Q: 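Structure below; questions to follow.
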Amino acid sequence: MPDASSVLLQRLQAAFDTVAPGADPVLRVSDRADFQANGALALAKQVGRPPRQVAEEVVAAASLDDICSEVEISGPGFINLTLSDAFVAAQLAALSADPRLGVAEVERPETIVIDYSAPNVAKEMHVGHLRSTLIGDALARVLGFLGHDVRRENHIGDWGTPFGMLIEHLIDVGGAMRAETFSVRDLNEFYAAARKQFDSDPGFAERCRRRVVLLQSGDEETLRLWRIFVAESMRHAREVYELLGVLLTDDDIVGESFYNPLLPVVVDELDSRGLLVEDDGALCVFPAGFENRNGEPLPLIVRKSDGGYGYPATDLACVRDRTGRVGATRLVYVVGADQALHLRLVFAVAALAGYLPDASAAVHVAFGNVLGTGGKKMASRSGGSDRLVDLLAEGIERAEAALKERSSDLSPERQAATAHALGVGAVKYADLSTERVRDYVFDWDRMLAFEGDTGPYLQYAHARIRSIFRRAHLPPPPPGSPLLLGEPAERPLALQLLRFAEAVEVTAETSSPSKLCTYLFDLATTFTGFYEACRVLVDDQAVRSSRLGLCDLTARVLEQGLSLLGIEAPEQM
Ligand code: ARG
């Protein structure tokens with residue numbers, strides 16, 4: 001379904017073309033009218049006539065009668081356009097008949113790998129993993145909804161030197177004997193104990209180093225012990241994923257260890273392209289355009305001087321695998337802003353190596369930190385409170401308390417489910433609605449508030465609309481039913497509903513779920529304006545059906561929008 005602005009744009013384009021083919025109408029949303037076309041100004045320069053005259057020529061040539069109620073030239077040559085109520089109403093009726101609510105599937109679907117969550121194994125997931133997990137999941141949903149073939153990849157840190165230490169400690173505490181039933185009750189404590197031993201006991205440290213060599217050479221017994229850690233860590237992660245209701249499953253795990261066999265291949269390929277430079281015994285690539293503060297070229301270290309491979313090598317192999325085996329045409333990395341330089345280097349080298357058609361086929365979706373109420377980064381060592389499982393449990397508990405205060409008439413089971421939806425939704429929305437490159441403060445009171453730009457506010461707005469139908473014992477009017485726009489408060493709601501597709505598309509283009517959040521919040525407030533100004537259950541059949549239609553459409557867009565963010569929209573609260 002072509003939305004209102006694209007119909008308008010088509011008509012304007014045809015009119016601009018009569019003055020000079022291909023001239024851009026520069027169509028924008030306006031607060032004076034509905035839209036504003038500013039293209040006459042540039043066009044006037046191009047054809048050497050006064051801008052107001054050019055604007056008049058365009059307006060004379062444009063066929064807008066059936067879609068605009070007012071077309072006015074203002075200032076130096078802006079064209080202000082007001083859509084007619086009849087046109088808006090017809091567009092809206094078409095929107096309501098569309099199960100996709102106006103959001104078209106892309107013409108050319110891509111295969112897109114989204115790299116997200118990616119916790120490091122052998123440590124419990126903490127608040128630092130929240131943003132990647134949530135932003136990545138929202139993008140997976142949005143891009144999937146637009147018709148792309150989305151491949152989720154959970155690039156867990158399951159390889160490297162820490163495992164020597166962990167395995168030796170496991171052997172010392174006797175876990176190796178009964179490996180199959182072993183459970184690391186508290187991964188963080190286990191890690192800390194191993195670390196302490198490593199730092200204080202040189203004999204232990206030496207054993208650890210030998211163990212790493214065994215791991216890398218594929219020793220069976222070592223691998224068996226290593227698998228225990230991975231399985232146990234992922235059991236913890238799965239708990240978090242289930243609580244959050246994210247799409248990630250075990251099938252999406254493609255950890256660092258997966259790329260281990262490919263690392264020598266990558267080195268060979270870089271070598272055969274003449275990209276490798278030996279620097280102090282290490283093998284490096286120096287891509288053009290990367291310099292440190294002193295103006296010296298920056299290397300990507302592919303193999304360290306001790307012969308070991310690190311994070312950069314793994315990431316090169318990973319790009320190679322994604323564009324090669326997986327067949328992806330776009331790679332999306334939802335990774336903290338502090339890894340920006342690393343990823344830029346990797347993408348540049350991958351392009352040189354022929355693993356990426358060009359560096360722009362890979363996108364770093366960077367994000368800022370989660371801060372404690374004190375304004376400092378909520379760090380993994382700040383005590384127990386930053387464990388994600390605990391945080392989420394606390395959110396659900398707080399939501400339950402808030403629900404009880406509102407004396408809802410839900411059954412106990414419904415209440416528990418709603419508390420879950422609210423608590424988790426609050427955490428998700430607070431995160432996603434922050435422009436992703438910015439930091440935000442993790443503040444329960446703010447994120448759980450029923451007023452303001454919060455998850456609970458949007459969930460409540462949705463449930464309140466559903467309750468209109470429930471209380472009146474009325475079904476929503478059938479999709480496509482006629483809509484009337486008589487009252488001034490109905491028009492802005494209609495226009496906002498018609499902008500849903502644009503909001504979803506912009507979210508995908510900018511990889512910014514916050515855009516969709518802003519749209520939904522604006523929709524909910526616009527709806528409130530309508531609901532306060534217009535009684536819905538009036539006697540006039542046609543008006544009542546139209547207003548119920550507006551209510552229903554708003555609830556559907558809210559529900560669909562929230563679901564693209566991974567947030568539940570309970571029917572009742
Ligand atoms: N495990 C890494 C970390 O915790 C994030 C991995 C991101 N993905 C990647 N392909 N490098 O920092």
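Whatever order the structure lists ligands and atoms in, that order sets their numbers, starting from 1. These numbers come from a predicted model, not from an experiment.
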Q: Looking at Phe198, is Arg211 sitting on its ring face, NZ or CZ under 6.0 Å from the six-membered ring centre and within 45 degrees of the normal?
A: no
Q: Under a 3.5 Å distance rule, please check whether Ser233 uses its side chain to pair with a backbone N or O of Ala122 as donor and acceptor.
A: yes
Q: If you count the atoms of ligand 1 from 1 in the order shown, which ones are under 4.0 Å from a heavy atom of Ala118?
A: 1 (N), 2 (C), 4 (O), 5 (C), 6 (C)
Q: Under the 6.0 Å and 45° cation-pi test, does Arg100 pair with Phe145?
A: yes
Q: Select one of side chain, backbone, both or neither to describe which atoms of Asp315 lie under 4.0 Å from any atom of ligand 1, heavy atoms only.
A: side chain
Q: Just by distance, do the side chain of Ser512 and the backbone of Ser514 share a donor-acceptor pair under 3.5 Å?
A: no
Q: Is it true that a side-chain atom of Asp137 and a backbone atom of Leu247 form a donor plus acceptor pair closer than 3.5 Å?
A: yes
Q: Once you restrict to heavy atoms under 4.0 Å, what part of His129 touches ligand 1? Side chain, backbone, both or neither.
A: neither
Q: Below 4.0 angstrom from a heavy atom of Asp115, which ligand 1 atoms are there? Numbered from 1 as shown, please.
A: 7 (C), 8 (N), 9 (C), 10 (N)
Q: Before signing off on this row, confirm whether Val335 and ligand 1 have an N or O atom pair separated by under 3.5 Å.
A: no
Q: Among Tyr311, Tyr116, Tyr333, Tyr259, which one has a heavy atom closest to atom 11 (N) of ligand 1?
A: Tyr311
Q: Which residue and atom name correspond to the protein heavy atom nearest atom 4 (O) of ligand 1, and how close is it?
A: Asn120 ND2, 3.4 Å
Q: Side chain of His129, backbone of His126: donor and acceptor closer than 3.5 Å?
A: yes
Q: Can you sort out which atoms of ligand 1 are near Gln339, meaning under 4.0 Å from one of its heavy atoms?
A: 3 (C), 12 (O)
